[in-house]
Amino acid sequence: MSSSLNLDDFSDLIERPDSGVRRDAEERRERLAVRPGALGRLDELGEWLAAAQGAVPVRPVDSPRVVLFAADHGVAKLDVSGRPAGTAYRLVRDVLDGAGPVAVLARRAGVPVRVVDAGLDCEPELLPQDVVRHRVRRGSGRIDVEDALTAEETEQAVRLGMAIADEEADSGTDLVVLGDLSVGGTTVAATLIAALCGTDASVVTGRGGAGIDDLAWMRKCAAIRDALRRARPVLGDQLELLAAVGGADVAAMTGFLLQAAVRRMPVVLDGVVSAACALVAQRAAFRAPDWWLAGQVSGEPAQAKALDRMALNPLLDHGVTVGEGTGALLALPLVQAAAALAAELPERPELPEQPELDG
């Protein structure tokens with residue numbers, strides 16, 4: 001694939017969060033009135049945030065945003081999803097109308113939601129212009145028998161994600177909750193993760209966000225197995241891999257994750273789709289996962305494999321399988337709480353020295 005875009009360049013562009021600042025945050029934590037360890041994971045989160053921000057004490061997470069990439073996947077035509085093929089626009093419509101789970105939670109938390117149509121299979125007139133104006137193509141190819149995207153579309157999608165990350169960073173967004181609105185997306189994600197982890201289809205095939213019965217699970221397993229045959233020969237090139245068995249939303253989310261790390265903007269990952277994108281991004285830039293948090297356990301076996309490969313430990317395990325950024329958004333208050341505690345808890349007062357008594 002000839003392309004002016006080389007994902008491996010990100011390896012030189014992405015730096016780790018500031019380890020010196022992290023040490024300062026750890027030392028500050030030792031001086032707080034609440035004994036070290038008493039706040040459990042919140043201590044670690046506060047120190048991670050301080051390093052990401054380059055600031056001690058850590059600043060509040062005041063301007064988070066939910067960013068959702070939307071697309072339809074051709075593989076859904078094999079009846080591998082709990083939703084009919086080509087209906088992802090309904091998920092988008094629910095979010096825009098305030099009826100989707102993530103919309104309800106975001107409204108409650110006062111967090112804005114941005115939806116980006118990377119590859120929905122619907123007439124653009126069905127959705128607002130600011131949602132559809134970035135669309136790379138209408139739906140994606142059936143990855144068991146054909147490429148999801150052309151080389152040009154893959155690059156366009158990755159660059160779209162990079163541009164959205166830049167827009168968010170430039171507008172002052174200080175943390176992103178990343179999710180997807182897709183039909184067939186978990187099949188694509190499982191294929192990518194199986195390919196990158198060297199596992200068989202049956203090991204990564206889950207029930208998806210919409211839930212599927214045993215027959216649909218078997219069809220999904222077969223689709224992933226066939227797609228894996230197409231993925232393995234192009235494992236050496238992330239762009240070729242995304243073109244072969246990805247999709248416009250997946251390629252865009254991969255570009256978003258890489259550019260967010262360049263811009264030092266922390267991201268909370270949601271379910272198996274964002275985990276798959278993160279795994280592809282990690283292949284391009286090994287330091288990138290230091291900028292991400294795993295929001296929740298989605299119950300998808302492929303997600304567990306991907307997070308384990310990246311050494312990311314999920315914040316929550318509430319059995320939330322709905323996707324759409326919902327589980328990751330539930331983890332946001334935990335991150336904000338960690339920031340508040342790290343910044344606002346008082347330090348222990350210095351005890352006066354005891355006078356020496358004459359013998």
Side-chain angles (χ1 to χ4, degrees), residues 14-18 20-22 24-26 28-29 32-34 39-69 95-96 98 100-116 130 161-179 253 256-257 259-270 274 288-296 312 314-316 324-347:
I14 294 171
E15 299 175 357
R16 286 203 160 98
D18 194 315
V21 170
R22 179 155 195 153
D24 292 344
E26 289 168 357
R28 174 180 161 80
R29 177 65 189 94
L32 296 186
V34 178
L39 293 171
R41 186 87 188 269
L42 293 172
D43 281 342
E44 178 193 329
L45 267 179
E47 290 157 8
W48 175 81
L49 267 176
Q53 295 175 354
V56 177
V58 66
R59 296 188 297 270
V61 179
D62 282 336
S63 302
R65 187 188 287 260
V66 177
V67 178
L68 305 173
F69 287 89
V95 171
L96 297 178
V102 74
V104 172
L105 294 174
R107 187 165 61 242
R108 177 85 182 173
V111 179
V113 178
R114 180 177 189 178
V115 179
V116 180
D130 65 332
M162 292 164 59
I164 300 293
D166 279 332
E167 287 175 17
E168 291 303 327
D170 290 343
S171 69
T173 299
D174 53 13
L175 183 141
V176 170
V177 171
L178 182 66
M253 289 168 74
F256 181 93
L257 282 165
Q259 188 63 15
V262 171
R263 298 298 303 270
R264 308 179 74 85
M265 183 170 60
V267 177
V268 184
L269 308 174
D270 184 42
S274 56
D290 288 359
W291 294 96
W292 310 327
L293 291 172
Q296 59 128 15
L312 293 175
L315 292 172
L316 300 176
E324 305 169 30
T326 307
L329 184 55
L330 284 168
L332 176 62
L334 208 59
V335 179
Q336 292 174 314
L341 289 165
E344 297 174 30
L345 281 176
E347 295 189 16

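Values in this document were obtained by computation on a predicted structure and should not be read as measured data.
- No salt bridge links R65 with D174; every basic N to acidic carboxylate O contact stays at or beyond 4.0 Å.
- Between F69 and I164, the closest side-chain pair of non-hydrogen atoms falls below 4.5 Å.
- Pairing each heavy atom of P17 with each of A52, the nearest pair is CB-N, 3.9 Å.
- Residues M265 and F256 form a side-chain contact, since some pair of their non-hydrogen atoms from C-beta on lies under 4.5 Å apart.
- Here the side chains of V268 and W292 are not in contact, with every heavy-atom distance at 4.5 Å or above.
- Between R114 and L68 the shortest side-chain heavy-atom distance does not fall below 4.5 Å.
- Looking only at side-chain heavy atoms (C-beta outward), V111 and L332 come within less than 4.5 Å of each other.
- Here the options are V102, L178, D270, the test is side-chain contact (heavy atoms from CB on, under 4.5 Å), and the partner is V66; only V102 passes.
- The shortest side-chain heavy-atom distance between V58 and V56 does not fall under the 4.5 Å cut-off.
- Remark: Q336 CD to L45 CG distance equals 11.5 Å, nearest 0.5 Å.
- Considering all non-hydrogen atoms of both residues, A339 and P60 come closest at CB-CA, 4.4 Å.
- The closest donor-acceptor contact from the side chain of W48 to the backbone of D290 lies under 3.5 Å.
- Of the possible donor and acceptor atoms, one in the side chain of Q53 sits under 3.5 Å from a partner among the backbone N and O of R59.
- Between A343 and P57, the shortest heavy-atom contact is CA-CB, 4.0 Å.
- In this structure, the side chain of W291 engages the main chain of E15 through a donor-acceptor pair within 3.5 Å.
- When side chains are defined from C-beta on, V104 does not count as touching P101, because their heavy atoms never get closer than 4.5 Å.
- A salt bridge does not link E26 with R29: every distance from a Lys NZ or Arg NE/NH1/NH2 to an Asp or Glu carboxylate oxygen is 4.0 Å or more.
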Which is it for L315 and Q296 under the side-chain contact (heavy atoms from CB on, under 4.5 Å) test, yes or no, and what are the steps along the way? CA-CA 6 Å; L315 292 172; Q296 59 128 15; over 6 Å; no
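- Under the 4.5 Å side-chain criterion, counting only non-hydrogen atoms from C-beta, V177 is not in contact with L269.
- Minimum interatomic distance between G46 and A338 (heavy atoms only, all atoms of both residues): N-CB, 3.8 Å.
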